[in-house]
Structure formats: structure tokens, C-alpha cells
Amino acid sequence: MHIHVAALAALVIQANTAPTTTEAASNAGSPSSDVYPPAGTKVNSLLFPPESVVGFPGPTPTGAEPYAIQTAPAYPYNDGDASHFPLIVPQPQSNDTGSKFDISKYWGNLSPWYSVQSADYGLPDASPLAPEGCEITQMHLLYRHGARYPTSGAAPSTFAQKIAKATKTGLAVSGELTFLADWTYKLGAELLTPFGRSQNFMLGVAYRQMYGHLLSNFTETGTIPVFRTESQDRMVKTAENFAAGFFGVPEYLDQVSIEILVETPGLNNSGAPYDVCNNSNVADKGGIGSTVAAKFALDAFNSTIARLQSQASGIDFTPTDAIAMLQLCSYETHALGYSSFCDLFSEDDFLNYEYFYDLSFYYNNGPGSPVSAAQGKGYLDEYLARFTGTFPTPMSALNETFDNDSTFFPLDQSIYADATHEVVVLDALVAFNLTALFSGPPLSATGNSRQNTFVASKIVPFATHFTTQVLTCPAMTPTKQIRFIVNDAVIPINQSYAGCPTDPNGLCSFDNVVSVLQKRSAEIDFDYDCFADYTASAGVDYNGRAPRS
Ligand SMILES: *[C@@H]1O[C@H](CO)[C@@H](O)[C@H](O)[C@H]1NC(C)=O
Ligand SMILES: *[C@@H]1O[C@H](CO)[C@@H](O)[C@H](O)[C@H]1NC(C)=O
Ligand SMILES: *[C@@H]1O[C@H](CO)[C@@H](O)[C@H](O)[C@H]1NC(C)=O
Ligand SMILES: *[C@@H]1O[C@H](CO)[C@@H](O)[C@H](O)[C@H]1NC(C)=O
Ligand SMILES: *[C@@H]1O[C@H](CO)[C@@H](O)[C@H](O)[C@H]1NC(C)=O
Ligand SMILES: *[C@@H]1O[C@H](CO)[C@@H](O)[C@H](O)[C@H]1NC(C)=O
Ligand SMILES: *[C@@H]1O[C@H](CO)[C@@H](O)[C@H](O)[C@H]1NC(C)=O
Ligand SMILES: *[C@@H]1O[C@H](CO)[C@@H](O)[C@H](O)[C@H]1NC(C)=O
Ligand SMILES: *[C@@H]1O[C@H](CO)[C@@H](O)[C@H](O)[C@H]1NC(C)=O
């Protein structure tokens, strides 16, 4: 039965596609190599247990059901920016009605991911498409969950309590703030929103469409891939939505093993390194970005706070409230489809809101952090292991129990897909020394000089993804090449990878890149950076590593 269906599928594929001559030639003699899954394969749920068996889902408070069809100010027609359909994203509060400004691209890690230009990092002519004369033979993907509710105890819920309290003691609002009179807090915590699910699903669809051909390697070896994630509920759902988009529903249940690594304080897990890297949770080490960003916010929203204050009595708005209301704009839009808070803020406010996140991420998890490279080292070492075909040594947050056996940690897949958090994606980019993402002076604490290429919404948005392509390019020497792509932007490595020449497509010799990354891994001292007592401060590009005293 299985074989019969597979044979039929092969006929359908051949009848419906007009293969290029190269594809026809490479498939000649093995017409079934494009048929996935290989006959007789299935998921072993004892080896790869589901969420209900693994446990450690984290908090899962649900919110109110969205009801945009009844309550939204406009209908979300699908005629605009695909990065946020079906969310309603208004123009900023402004004195300039002519301007078109997509506020959702200024929400830092709360932005929906959008395509970034290679030109932003110095490769104006590069495209993620396979360069002329090259064929892609392997793809590695590290991606973030889609849009979620606020994390537990974040600013929006505190602000909601302040409003509820003020309402009892005589809050009066007018003008732009009239909606606050009967506004209630409707958000849960931690979980993916419906829109967030769609982001991971669509990413799966897009990656199947672009890289589905690589599944033939699994068919040749009679295996199915292992895709990894963490045990938090949103992380499990992220991997499942990605797999559903990639393989289809219900096929994904049989066609990919989803490996769920436990995420909880004290346990090794390359997808959640902050759980074992103690300094990542110390204010003057892993938290210097939060401090400098909070300080920036003290001065950045004064005129807006004054404008809002003039339309309210019985409450005192603070800079923290301004950030909370901007976050409500982002979170309500993601969860409910739109937010009345978005209308309160100007273009300048959204630029400052983005910069608040730029500071926070540059210094918490970017090159300005003393613990980012250490936290990214787990993924870097796993990645190198996949290249060198040897299991990694545990000198980072990786969990050897999962990484020392080819059942749980296959070393020869043509497609890898690991789900994680935005902080870990950024930690990994720093560990990979992709310094073109951060070129320019360290971010200024006051925001006066925006001269660094780093923009949080381009690197750590919802569903952000870091892709590696391994390629065969017969006309190049050596023929085995590699390159890195972040949200569709090809990243140049000629400046940070010794021995990599300037290349318009961001390509470099595979072997050379492996040796550069091995040197990089060796210089990252997980134990020192995560556990030693040193002093770090904002304003320095540490290249992600702790200063030596
Ligand atoms: C428009 O707003 C900007 C700041 O957001 C301000 O500098 C400018 O003076 C305003 N223009 C008018 C005509 O009010
Ligand atoms: C590795 O993960 C497993 C379960 O996910 C856990 O039981 C084990 O304690 C972890 N190892 C370390 C060193 O954290
Ligand atoms: C890291 O923190 C945990 C929890 O507080 C503690 O048990 C552990 O000893 C710390 N590790 C080191 C190396 O200091
Ligand atoms: C903004 O307001 C704060 C008080 O909340 C004040 O301390 C600060 O000096 C003001 N900054 C500017 C630039 O006006
Ligand atoms: C957990 O991580 C620590 C720190 O790198 C390492 O020493 C230890 O061997 C790891 N344990 C496992 C089982 O991976
Ligand atoms: C992998 O690591 C686990 C936990 O440390 C150990 O029990 C197991 O024997 C190791 N397996 C191999 C193949 O080394
Ligand atoms: C996948 O198969 C193709 C064709 O056999 C081969 O060129 C390529 O190297 C394989 N990829 C991996 C990662 O083994
Ligand atoms: C790296 O490549 C960029 C353009 O792709 C070029 O502007 C730059 O000069 C090159 N740097 C080095 C050190 O080769
Ligand atoms: C990382 O990149 C910088 C340039 O940005 C370079 O000076 C440094 O040598 C690189 N580190 C490694 C280990 O290759």
C-alpha cells in the first residue's frame, strides 16, 4: 500500500512538473529519489516523546478570545504587507498625514519578521537564491517562535493593574485616551498567538517550497529528519507548526521526529543556555542592556507622556508606562488583531521604541554583552559537530545526553531545523562572529548617533531565522562553499573570517569556514564568561566575550 501510493506520487510529480535539464539529468536512473517519505519510516514516539510526556511546559495562562470582526477599527484586507496579514497596523499619530510608515517594523523583538536587504550589511547584489553555477546540498536553519503573549510578569500586565486601580479611585480620560475608560487587559502569557502560529507554519511552507528537493537525501538513506525544539509550550507548538507547514497535516506526525529538549533552570540545553549560564541573569553582566535601555526610556518619551497626561487625571504616567503602552500596541495587535494603543504614538516614538530594543539586545545578547558568545557556543559547537561528523564536547550549555548518539543527534542530515528563542539566535550570531551585523561604533546610550548596522527588529523579530546554505559550485575553487543568511539578507564574512575573500554572493570555502569557526569556538570560554566575577559596562563592543581583569 505504502509503495503503491509512493509510486503514484512519483507519477503525479513527474506529470505536473517540467524539470530543468539539470534536474532531469540528476534524477535520471533514480526516479523515486524525490519521493518522500521513504517507505516504511515512521516516528518512534518512545524515543521522541510528545509534549505531554516530556513535561516542563512553563506557565500557560490563556487570554480572552479575539473578536476583531466585532471590535476592530478596520477589516484586515490582504492587500498590504505580507509580513503582518491579518493584523491591522495603523499609521503613527502624526502631524504629517502624507507619510507612510510601517510601525510594525519598529517593535524590536516584538516585530513580525520581515525581509532584510543584503545591501544593509554590504552585499547589494546578493540574493538568497542559489548563485549562478552553484547547487545547494545542505541547509541549516535556526529559527525563533512566532508571536506570543507577553512573558510572565512583563510591563503590560503591571500597567493594566495600575489602570484598574486608578479606575477605582477616579481615573478620568478624554480625547485620544477615551478608550481607556472601558479598556480591559485581555492577554494571557507565554503562549503563541494565532498569528504567531501562522508565522511558523508559513516559514515551514516557505522552506519546503525552497528546499524540499533536499528531502531526497533522506529517501536515499531511508531515514526521516530530527528537528529540535525546547519543552516550553510555545516552543513545542512552534516546531509543530513549522513541521505542519513543511510536511503537511497530518503527514508531519509521521514524517519528522521532533526532539523536545527540557528547558528549565539548571538543565543543559543549547536552546536555552541562560538556564545554566549564571552570569546571564546578573544585572551588571548579562543584564547591562536592560539597564541602559531603561535609562534611555527615561528621557525619550517626555513630550508624548506630557501629551497623554494632558488627557488624563487621577493617574501619573511614567516612562515605564510609555514603554508598557507601546508594548501593548505590539502585543494586542499580535493577539487581538489590532490595538487602540498604537494610535497614541508618533513616528518619533516608534523610532525611540525600536532604539530601546536595539540597546537592550545589543548589550544583553549582542556584541556588547560579556555572555552572549558563551551562550551561543552550544549551538555553534553542535553545528560544527554536524560539519565534522563527530559528537560535540560539552564545554557549553549543550546537553551531552542528547548530543552523543546519532539517533538523537544525526550528523549527516541534508536539512536541519532547530527552534529557539530570539536571545539565543542573537547569541549564536555573535558566537559565529558575523560582525557585519554589528558594524560601526557600539550603540550610544543616548541614541544621539545611530551609526551601527544593528537593528533589533531585523535580527530578533518573531519567527526570525538564521539560515546556512552549503553549496557545490563546480566553477569555484574549492567547489564546496558555504554562506549565511539572516531573514533573507546574505551576510558578508570577508571581514570577520580570515581567509574568506570578498565575494558578491557572500560565499566562502566550506573548509576554511569550518576552521575559522573552530578557532572561534576555542576562544569562547564558557566557564569564565558564565561564572567568573568581572565587571562589564555598556558602551563597549566585547565581541560577546567577558573582559579579562
Ligand atoms: C511635527 O512633529 C514634529 C515632531 O514629531 C515636530 O518637530 C514638528 O514641529 C511638528 N510640526 C508641526 C507643523 O506641528
Ligand atoms: C539533559 O537533559 C535531560 C532531559 O532533558 C536531563 O534529564 C539532564 O539532566 C540534562 N543534563 C544536564 C547536565 O543538564
Ligand atoms: C549557578 O547557579 C546555581 C543556582 O543558583 C547554583 O546552584 C550553581 O552552583 C551556580 N554555578 C556556579 C558554577 O557558580
Ligand atoms: C524627561 O522627564 C524626566 C522626568 O520623568 C526628567 O528627569 C528628564 O530630565 C526629562 N528629559 C528631558 C530630555 O527633558
Ligand atoms: C553541562 O554543561 C556543563 C557546562 O559546560 C558541562 O561541564 C557538562 O559536562 C554538561 N553536561 C552534559 C551532560 O552535557
Ligand atoms: C551519552 O551520554 C549519556 C549521559 O551522559 C550516557 O549515559 C550514555 O552512555 C552516552 N552514550 C554514548 C554513546 O556515549
Ligand atoms: C544530498 O544528496 C546529494 C545528491 O546525492 C549530494 O550531492 C549531497 O551532498 C547530499 N547532501 C548531504 C548533506 O549529504
Ligand atoms: C569585504 O567585502 C565588502 C563588499 O562586499 C568590501 O566593501 C570590503 O572592502 C571587503 N573587506 C575586506 C577586508 O576584504
Ligand atoms: C571575528 O571578527 C573580527 C572582525 O570583525 C576579527 O578581527 C576576528 O579575528 C574574528 N575572530 C575570529 C576568531 O575569527
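Counting convention: from 1, in listed order, for ligands and their atoms alike. This structure is a prediction, so every number in the text was calculated from the model and none was measured.
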- Note on the structure: Here the atoms of ligand 8 under 4.0 Å from any heavy atom belonging to Leu123 are 5 (O)
Between [X] and [Y], is NZ or CZ placed under 6.0 angstrom from the six-membered ring centre and within 45° of the ring axis?
X: Lys377; Y: Phe526; result: no
X: Arg548; Y: Tyr528; result: yes
X: Lys105; Y: Tyr114; result: yes

- May I ask whether Gly122 has any heavy atom positioned less than 4.0 angstrom from an atom of ligand 8? yes
For the pair [X] and [Y], name the ring-plane relationship: parallel under 30°, tilted 30 to 60°, perpendicular over 60°.
X: Tyr357; Y: Phe361; answer: tilted
X: Phe484; Y: Phe466; answer: tilted
X: Tyr379; Y: Tyr383; answer: tilted

Between ligand 9 and the protein, which N/O pairs fall short of 3.5 Å?
unit_1, atom_1, unit_2, atom_2, d
ligand 9, 2 (O), Asn433, OD1, 3.4
ligand 9, 2 (O), Asn433, ND2, 2.4
ligand 9, 5 (O), Thr435, OG1, 2.8
ligand 9, 11 (N), Asn433, ND2, 2.8

- Note on the structure: Checking heavy atoms under 4.0 Å, the part of Thr318 that sits near ligand 4 is neither
- Item | Check: Phe179 ring centre within less than 6.0 Å of Phe341 ring centre | yes
- Would you check if the distance from the ring center of His140 to the ring center of Phe387 is below 6.0 Å? yes
- Message: Heavy-atom pairs closer than 4.0 Å: do any link ligand 8 to the side chain of Asp503, the backbone, both, or neither?
- Response: neither
- Message: So, regarding Thr502 and ligand 8 (criterion: nitrogen or oxygen to nitrogen or oxygen, under 3.5 Å), is there a contact or not?
- Response: yes
